[in-house]
Structure formats: C-alpha cells, structure tokens
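Accompanying notes for the structure given below.
Note that the structure is a prediction, hence the values are computed from the model and not measured. Every heavy atom of this structure was used, including side-chain atoms; hydrogens, water molecules and symmetry mates were not.
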Amino acid sequence: MNLVKTVALLGILSALLVTVSYWLIGGTTGATIGLLYSCYNEPGFLVFLR
C-alpha cells in the first residue's frame, strides 16, 4: 500500500511541476521543460516502476 501512495504522490508532484512550468514559461515549451526537469529531478521514481 505504501508503494501505491508513493507512486501517486510522485505522479501528482510531477503533474504539478509540469502545470506550473506551462503557466510560467508558456505553452508546450514550458510543459516540455517541466517534464524534462521532473524526470531529471526524480530519478528514484523509476525504481518504483520496476
């Protein structure tokens, strides 16, 4: 159960980061930058997907 909560929390935080980047930077460029930063910033997320 803790694994599901952790994955859900990291997913929500990643979505929030992409949304804020979309608003602040603007458009798809901002969303792409937010997504790339999210993947770079949370490499531990990949551990839970294995």
Side-chain angles (χ1 to χ4, degrees):
M1 188 64 177
N2 286 335
L3 178 65
V4 174
K5 289 179 184 179
T6 303
V7 170
L9 179 63
L10 287 174
I12 290 169
L13 290 175
S14 296
L16 181 64
L17 180 66
V18 170
T19 303
V20 168
S21 297
Y22 180 81
W23 287 337
L24 291 179
I25 298 172
T28 13
T29 305
T32 304
I33 291 172
L35 183 64
L36 292 174
Y37 182 75
S38 176
C39 291
Y40 173 77
N41 196 27
E42 299 175 6
F45 180 69
L46 297 174
V47 173
F48 293 109
L49 295 179
R50 292 183 180 193

(message) If the condition is side chain to side chain contact (heavy atoms under 4.5 Å, CB included), which residues does Leu16 pass it with, not counting sequence neighbours?
(response) Val20

(message) Please give the remaining members of the hydrophobic cluster of Ile33, linking ILVMFWY side chains under 4.5 Å, ordered by chain and number.
(response) Ile25

(request) To the nearest 0.5 Å, tell me how far Tyr22 OH sits from Thr28 OG1. (result) 7.0 Å

(message) For Ser21 versus Gly34, what's the shortest heavy-atom pair and its separation?
(response) OG-CA, 3.4 Å

